[in-house]
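See below for the structure under consideration.
Heavy-atom basis, side chains included; hydrogens, waters and symmetry copies ignored.
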Amino acid sequence: MIALGYTKAEKLNRIQKMVQESGVQKIVLFSPPAFALDGKEIASLTGCETESYTYDDIIMYRVFYPLLEKVDASYLLVINECLRTRKRSDLTYNCLHHYLNQTPHRLIFEYFPFVSDPNDFMILLDKEFPGKYKGRPFEMKFLQEAPVDIKPHYYTLNQTGVALPANARARYEQERDALFNSLGEGDPENVPRRLHIWCGQFKRAYVDAHPDMNFVARNGRLRRDNVAVYRKIQPGIPYHMVDIPRRQMDINDFLKISELHDLHFITTHLPVDEVYYHNLADWIQHLEEFYAQTGICAEERGRGSRGTAPLHL
């Protein structure tokens with residue numbers, strides 16, 4: 001079964017229910033450390049012997065061969081938040097398929113149905129039905145063929161503009177041109193990444209003027225007590241985004257851990273900030289469209305602008 005959008009408590013309840021329904025005797029749990037479920041807690045709830053492994057453990061020889069030898073129909077495999085790359089033929093996914101082929105009892109937990117777009121959902125279907133959809137692109141009808149339970153998460157995205165000095169745009173264009181001129185054989189994506197960080201200097205005054213607010217940035221360059229870095233965020237804190245992560249996976253992890261649904265971006269309205277803002281707005285729209293196509297109706301919520309016109313640095 002694929003279960004989307006579950007909280008930790010809902011995951012534990014679903015594991016307990018599947019154990020009761022299936023009569024399995026043992027559980028193998030795979031999770032990235034940031035989203036790990038407590039194996040001892042699961043063992044206590046279910047009465048099953050439980051083995052816990054990290055996402056990185058999946059491909060390790062010391063894990064792979066022992067599991068292949070012993071996993072059978074008496075096992076429940078719990079694949080928890082393991083959609084970590086968009087590469088469908090990834091070695092880690094292939095190793096998981098070997099494990100999954102050995103038992104019909106599986107729970108696949110994922111907070112979002114995809115990393116960047118609905119085609120990523122096929123990675124989850126590959127886990128539920130190893131081999132059945134090999135090489136096929138995503139189609140909504142597949143959701144009617146698979147046991148999928150969806151608890152949707154909806155997001156609003158707003159932006160707050162900061163005051164800029166009179167020469168800000170000229171300085172921006174100068175920095176942009178310098179980055180392109182020094183790029184050489186480097187990755188062109190480095191230019192917007194660095195420009196986005198560079199724009200943060202114009203947001204420092206806003207951060208300083210709001211010591212009672214919490215902010216999050218890509219790195220610790222602002223050196224303020226109320227500014228966290230993405231890798232050290234805590235749940236339940238209403239962070240305002242100084243920068244938007246360049247990787248969609250990092251954005252998804254931020255949303256999972258922070259538990260925020262109302263998002264606020266501090267922007268200069270310079271072109272690169274607009275690019276990152278619109279990319280995130282488009283991802284939110286793709287997510288809502290996926291939910292809508294599954295028959296889930298969202299409540300109307302206030303949303304930020306979602307222009308899709310080409311954007312230029």
Side-chain angles (χ1 to χ4, degrees), residues 1-8 11-12 14-15 18 24 26-43 46 48-72 75-103 105-116 119-131 134 187 216 218-219 228-235 245-259:
M1 176 185 177
I2 299 171
L4 302 177
Y6 275 37
T7 64
K8 178 181 176 181
K11 291 176 182 179
L12 295 178
R14 192 65 190 84
I15 292 170
M18 179 163 278
V24 297
K26 299 178 182 179
I27 298 173
V28 175
L29 172 66
F30 298 103
S31 296
F35 308 106
L37 298 174
D38 189 333
K40 292 182 179 179
E41 184 178 5
I42 291 172
T46 63
C48 292
E49 177 183 329
T50 302
E51 301 178 46
S52 297
Y53 299 99
T54 69
Y55 177 82
D56 291 338
D57 286 337
I58 292 170
I59 63 172
M60 298 297 178
Y61 289 133
R62 60 178 171 77
V63 173
F64 184 74
Y65 289 110
L67 286 183
L68 285 188
E69 290 180 3
K70 64 186 179 182
V71 171
D72 57 26
Y75 278 78
L76 167 64
L77 300 188
V78 179
I79 315 301
N80 178 51
E81 304 299 336
C82 288
L83 184 58
R84 305 302 300 169
T85 175
R86 302 187 66 202
K87 185 180 179 182
R88 199 167 166 185
S89 61
D90 181 72
L91 176 60
T92 302
Y93 295 159
N94 289 336
C95 289
L96 277 176
H97 296 162
H98 283 287
Y99 305 141
L100 292 165
N101 275 326
Q102 299 193 191
T103 177
H105 307 300
R106 56 180 70 98
L107 273 173
I108 301 161
F109 292 124
E110 202 64 48
Y111 201 74
F112 297 117
F114 50 77
V115 177
S116 296
N119 273 316
D120 300 334
F121 184 73
M122 297 306 297
I123 295 169
L124 303 182
L125 279 184
D126 288 343
K127 293 180 175 66
E128 180 63 27
F129 301 103
K134 186 175 182 179
D187 183 355
V216 61
R218 287 188 189 175
N219 57 38
V229 293
Y230 278 97
R231 66 180 180 277
K232 294 184 178 181
I233 61 165
Q234 300 296 322
R246 64 180 180 83
R247 295 176 64 245
Q248 186 62 48
M249 181 64 69
D250 293 334
I251 296 173
N252 297 1
D253 287 351
F254 167 66
L255 297 177
K256 294 178 189 180
I257 295 171
S258 70
E259 302 174 355

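- P66 and V63 make their closest contact through CD-O, 3.5 Å (heavy atoms, listed as atom of the first residue, atom of the second, distance).
- Take R84 and apply the side-chain hydrogen bond (donor to acceptor under 3.5 Å, both in side chains) test, not counting sequence neighbours, and it matches D253.
- Every side-chain contact (heavy atoms from CB on, under 4.5 Å) that I233 has, sequence neighbours left out, goes to V216, Y239, F254, I257, S258.
- D120 contributes a side-chain N or O that, together with a main-chain N or O of V115, makes up a donor-acceptor pair within less than 3.5 Å.
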*Apply side-chain contact (heavy atoms from CB on, under 4.5 Å) to the pair H98 and F64, showing each step before the final yes or no.*
CA-CA 9 Å; H98 283 287; F64 184 74; 4.0 Å; yes
*asked:* One pair to check against side-chain contact (heavy atoms from CB on, under 4.5 Å): I27 and Y75. What are the steps and the verdict?
replied: CA-CA 6 Å; I27 298 173; Y75 278 78; over 6 Å; no
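- Taking a cutoff of 4.0 Å between a charged side-chain nitrogen and a carboxylate oxygen, K127 and E110 do not qualify as a salt bridge.
- Classification of D250 and R247 as a salt-bridged pair holds, one side-chain N sitting under 4.0 Å from a carboxylate O.
- For M249 against T85, the heavy-atom pair with the smallest separation is CE-N, 4.0 Å.
- A distance of 7.0 Å separates CG in D72 from OG1 in T103, rounded to the nearest 0.5 Å.
- A distance of 9.0 Å separates OG1 in T92 from CE in M60, rounded to the nearest 0.5 Å.
- Residues F112 and N252 come closest through the heavy atom pair CE1-O, 3.7 Å.
- In the displayed structure, K70 atom NZ is contacted under 6.0 Å by more than 12 heavy atoms of other residues, nucleotides or ligands.
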_Audit row: V78, F109, side-chain contact (heavy atoms from CB on, under 4.5 Å) steps and yes/no_ = CA-CA 8 Å; V78 179; F109 292 124; 3.8 Å; yes
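- L67 contributes atom CG, which lies 8.0 Å from atom CG of L77 (distance to the nearest 0.5 angstrom).
- The aromatic rings of Y93 and Y55 lie perpendicular to each other, with more than 60° between the two planes, well past the 30° mark.
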*Passes side-chain contact (heavy atoms from CB on, under 4.5 Å), D57 versus F30? Steps please.*
CA-CA 8 Å; D57 286 337; F30 298 103; 5.7 Å; no
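- For the atom pair CZ of F129 and CD1 of I2, the computed distance is 7.0 Å after rounding to the nearest 0.5 Å.
- Taking CG of L107 as the reference point, atom CD of E128 lies at 8.5 Å (rounded to 0.5 Å).
- Among L125, I123, I79, the single residue meeting the side chain to side chain contact (heavy atoms under 4.5 Å, CB included) criterion with I108 is I79.
- N219 and V229 make their closest contact through C-CG1, 3.4 Å (heavy atoms, listed as atom of the first residue, atom of the second, distance).
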Would you be so kind as to tabulate the donor-acceptor pairs closer than 3.5 Å made by side chains of residues 32-43, with sequence neighbours excluded?
residue	atom	partner	partner atom	Å
D38	OD1	K40	N	2.9
D38	OD1	E41	N	3.2

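- Between L83 and P113, the shortest heavy-atom distance links the atoms CD2-O, 4.4 Å.
- When the options V28, I58, L29 are evaluated for a side chain to side chain contact (heavy atoms under 4.5 Å, CB included) with Y53, the one that passes is V28.
- Taking 4.5 Å as the limit, some side-chain heavy atom of N94 sits within range of a side-chain heavy atom of H97.
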